[in-house]
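The structure appears right after this line, and notes come after that.
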Amino acid sequence: MDSGRQVFTVDLLERYAAKGRGVITCMAAGNDVILLGTSKGWIIRHDFGLGDSYDIDLSAGRPGEQSIHRVFVDPGGSHCIATVVGSGGADTFYTHAKWTKPRILTKLKGLVVNAVAWNRQQITEASTKEVILGTDNGQLHEMAVDEKDKKEKYVKFLFELLELPEAFMSLQMETATILNGTRYYIMAVTPTRLYSFTGVGSLETVFASYLDHVVHFMELPGEIPNSELHFYIKQRRAVHFAWLSGAGIYHGGLNFGAQHSSPNGDENFVENKGLLNYSSLSEGAELVKPSSMTVSEFHFLLLIGNKVKVVNRISEQIIEELQFDQTPESVSRGVIGLCSDATAGLFYAYDQNSVFQVSVNDEGRDMWKVHLDMKEYAAALANCRDPLQRDQVYLVQAEAAFASKDYLRAASFYAKINYILSFEEITLKFITVNEQDALRTFLLRKLDSLAKDDKCQITMISTWATELYLDKINRLLLEDDTALDNRNSEYHSIMKEFRAFLSDCKDVLDEATTMRLLESYGRVEELVFFASLKELHEIVVHHYIQQGEAKKALEVLQKPSVPIDLQYKFAPDLIMLDAYEAVESWMATNNLNPRKLIPAMMRYSSEPHARNETHEVIKYLEYCVHRLHNEDPGVHNLLLSLYAKQEDDSALLRFLQFKFGKGRENGPEFFYDPKYALRLCLKEKRMRACVHIYSMMSMHEEAVALALQVDPELAMAEADKVEDDEDLRKKLWLMVAKHVIEQEKGAKRENIRKAIAFLKETDGLLKIEDILPFFPDFALIDDFKEAICSSLEDYNNQIELLKQEMNDATHGADNIRNDISALAQRYAVIDRDEECGVCQRKILTVRREYQLARGYTSVGQMAPFYVFPCGHAFHAECLIAHVTRSTHESQAEYILDLQKQLTLLDGEARKDTNGSLTEETITSMAPVDKLRSQLDDAVASECPFCGDLMIREISLPFILPEEQQQNNSWEINSRNPGNQRNLSLNL
């Protein structure tokens, strides 16, 4: 931006603006509308927005000379109030932009109105809402006008100065909507005092409250041509004020939401108050006080003589002087006053004949520099327009801190500079003064300000900061031997900060470079910490194992991001370091393959263990086998081998007897190698286990032979396991018997009795004659007498039982022969009028009337027929046809095939014999009889009307699909339904 360009410029708006109506005495502006009051009682209105202009005569009907004392216009440019002063006294008028004739306010007759305060928040074109008028005699009045009424709604008295009666010279009003109504804020000035009023309710209520307590005011005595009060309006809200008083310009901020309590109890809404002394404006010349003033956002425009001095509100320095091109006749009177149009953002100056427009050109452009010169850095930054300006503010702050040796603070400011100072220049400043901490701070702050795209610079600065951290840590350790033990020392604080830095920068730091740096400085713990951040899990785990911290190593391995292969790699070291924690970790990890842990478990198992110590590998293998249902033979074999090496073989036996494949179809009952198990148990002398394995492998003889060496009871149990091979079972029991007899050693009676008692345990499988060969030849028969007699009785009973069975078989054969003879004589009586159940013709039909059934021999002159016990009778041909039609397709084909074969055989027989029967012919009839028997079974096994065939027909429809066409032919359809008529009969 060109700083040489003027902020305020003056342009002649109109020359001879009074239009011959006298000279200009006063002026007001609002919303691009200006009102000029003249010495002859006229108001000249210019509306620049509409391009309209007209004059209003307020002196009409008044005697003598009349002059406009004050003219006021609202911020919208619609409402106008003017006071006329003449020889006949003072009158106040109200007029609206739409009215052609002004309205005199009769209640104010004789009162000179010096000031008007508009309700900016609520005023509209149609209504003024509340308006406060300040008079020359120290009174305040309220009025309101609705344009449609063409007159004022009311004019009422509000307040009067009694303690020090002075004229009200200027008024301002603001309102704020709160929960319980509207709060009013009013400021009014007299020549020496600034009064403030505030309250909730109506204006009448607010001012009535000041009858009970003192009005809050600021007194600044001194002579002043015009005491003026101005509000600067921003977005329709006053933000700061200025009072042109005799002592100087009293100004400050306005906060209408504040609830600060002043000493006298009033709520004070003024903040950051200040007083601009006029002496600072004279620059050594004679002191001349301003005759008028107006306020912009950052400046005061002061009318001093015929010039306007522009004073910066913040720095209180004159920045410009504005000159006016006056007519010769106006020079002597000079510029009369200033006014502002807050809505349009314009300022005006006027003399007797001319109106000048003062325009603003970006007055805030250099405010950052003003604040910077005053060392108000926050405000300077708030007013900066571009990065270069901000850099200059940061540079001033940084250099001030650097000069005062506050290097850390200087570093934070230097880090914010991006353009006017290079990175190298800044770092050299700190290196020159050997300020490593400040340099580190600068680098860290710089990292925060860099964009993510500057990857190279970020990595470089991060690496440099890492080295500075490491250097700082080493220096602290050298300077203080107790730093490691003191938890509150700077060393621990830096360590915590360094680790946080590594966490934040892990993605931008070069992995190899950082690892070498940490290693070169001997920072092993930080090396491990960084490795964990970068997920270099192998380094971390290896470090913890070296430190003997198995639990921490296992915690790392259990993280989801750690490859499962690391579990297997470090398993041998971890289980030797802490078997309990290792096994607990393995059991807590879901996707481990126990087979890959076998080398680690075998290494652990090869070490000696205390007798009462929990074997962690066995615990883990039992977990895999029973909880995870692992089927790996290697896992089962390892567990079996560990069981076999224990002194107590109960766990081994339980393992061998457990059926791991229970509930699975066609699956094995165990997953270990039985041959390996047998060799191992034989080696470890676990004989009971060997017996079980032999038995499981169906090597029952070996199982019993080995069991006899351990426990005869076990051998008996093994012998009893064989159930499906009686000979083998007997053989096994004989082995047991032989062992028992040989164990008794000799032929003593007591020993013989024990052997005889053993026979009873075999449940009759062995007899006395089976075990006699095992006794000595010289054993006395008397000792076996009872057993031999018992055996002979058993044989006798068996013989008697066989005789009875033979008798029963003979009797049964006789009964069968008798039944066969009876069947040959069976017959049925048929009535001569009996009808066939299918064709309804008589059964005893002569052969000529009914075709001879194929494969049947005629009975005299009658056709072949069937008679059932239920009484139904059928011709053979009819029955065959009915059954073939009603039964399923395969049975029907079978019947037809039998019938065809019968026909062929019957025809050949007749052809060979030419109708005569010989012995050879009768012999050849045997196949025909067999086929006829099969046909009888197929069609006449049951009555078709009383048997299953009829029951199955219940589910068939009455009308079969092949009969549907015939059924449709019986439907009655009307040929001409349209010609049918309905006849109604009246009865």
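Note that the coordinates shown come from a computational prediction; the quantities given were computed from them, not determined experimentally.
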Which donor-acceptor pairs under 3.5 Å do side chains of residues 549-559 form with protein atoms, sequence neighbours excluded?
residue: Gln558; atom: NE2; partner: Ser585; partner atom: OG; Å: 3.3

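- Pairing each heavy atom of Ser462 with each of Val508, the nearest pair is OG-CG2, 3.6 Å.
- With hydrogens and angles disregarded, a donor-acceptor distance shorter than 3.5 Å links the side chain of Ser296 to the backbone of His299.
- Within the structure, ring-ring contact (aromatic ring centres under 6.0 Å, His included) contacts touching residues 549-588 (residues at least two apart or in different chains) are Trp586-Tyr620.
- What you find for Pro563 and His537 is that their closest heavy atoms are CD-CD2, 4.3 Å.
- At a threshold of 4.0 Å, the pair Asp454-Lys446 does not count as salt-bridged, since none of the basic side-chain nitrogens sits closer than that to a carboxylate oxygen.
- Evaluation of the side chain to side chain donor-acceptor pair (under 3.5 Å) rule for Glu535 yields no partner, not counting sequence neighbours.
- Shown here for Met515 and Ala531, the closest heavy-atom pair between the two residues is CE-CB, 4.4 Å.
- Below 30°, between 30° and 60°, or above 60°: for Tyr469 and Phe498 the angle between ring planes is between 30° and 60°, a tilted geometry.
- Atom CZ of Arg499 sits in a crowded spot, with more than 12 heavy atoms from other residues, nucleotides or ligands closer than 6.0 Å.
- The number of heavy-atom neighbours closer than 6.0 Å to CE of Met602, taken from other residues, nucleotides and ligands shown, is 12 or below.
- For Arg390, the salt bridge (charged side-chain N to carboxylate O under 4.0 Å, His left out) test picks out no residue, with sequence neighbours left out.
- Remark: the backbone N or O of Val562 is not paired with any side-chain donor or acceptor of Gln567 at under 3.5 angstrom.
- Exactly one of Tyr232, Tyr250, Phe269 qualifies for a ring-ring contact (aromatic ring centres under 6.0 Å, His included) with Phe241. That residue is Tyr250.
- A donor-acceptor pair is defined here as one N or O able to donate and one able to accept, closer than 3.5 Å; no such pair exists between the side chain of Arg183 and the backbone of Thr175.
- The shortest non-hydrogen separation linking Leu470 to Leu517 is CD1-O, 3.9 Å.
- Distance alone, capped at 3.5 Å, places no donor-acceptor pair between the Thr459 side chain and the Leu509 backbone.
- With hydrogens and angles ignored, the 3.5 Å screen pairs a side-chain donor or acceptor of Glu363 with a backbone N or O of Phe298.
- Applying the ring-ring contact (aromatic ring centres under 6.0 Å, His included) test to residues at least two apart or on different chains, the pairs with a partner in residues 394-435 are Phe402-Tyr407, Phe402-Phe430, Tyr414-Phe430, Phe423-Phe442.
- For the pair Gln6 (side chain) and Glu320 (backbone), a donor-acceptor distance under 3.5 Å is absent.
- With hydrogens and angles disregarded, no donor-acceptor distance shorter than 3.5 Å links the side chain of Arg313 to the backbone of Phe300.
- Remark: the backbone N or O of Arg409 is paired with a side-chain donor or acceptor of Ser412 at under 3.5 angstrom.
- Checked for salt-bridge contact, Asp362 and Arg385 meet the test: a charged N lies under 4.0 Å from a carboxylate O.
- We find the CD1-OH distance between Ile494 and Tyr491 to be 11.0 Å, quoted to the nearest 0.5 Å.
- Here the options are Arg237, Met187, Glu271, the test is side chain to side chain contact (heavy atoms under 4.5 Å, CB included), and the partner is Leu254; only Met187 passes.
- The side chain to side chain donor-acceptor pair (under 3.5 Å) check on Gln357 picks up Ser359, with sequence neighbours excluded.
- Formation of a donor-acceptor pair under 3.5 Å by the Asp341 side chain with backbone atoms of Asn31 is found in this model.
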Q: Apply the test salt bridge (charged side-chain N to carboxylate O under 4.0 Å, His left out) to residues Lys619 and Glu584: give CA-CA distance (whole Å), side-chain angles for both, the deciding distance (0.1 Å), then the verdict.
A: CA-CA 10 Å; Lys619 182 175 76 174; Glu584 290 295 320; 3.1 Å; yes
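- Within the 3.5 Å criterion, the main-chain N or O of Ala238 finds a donor-acceptor partner in the side chain of Glu174.
- When each of Lys472, Arg475, Lys496 is paired with Glu490, the salt bridge (charged side-chain N to carboxylate O under 4.0 Å, His left out) condition holds for Lys472 and for no other.
- Contact detail for Gln392 and Leu372: the closest heavy-atom pair is O-CD2, 4.3 Å.
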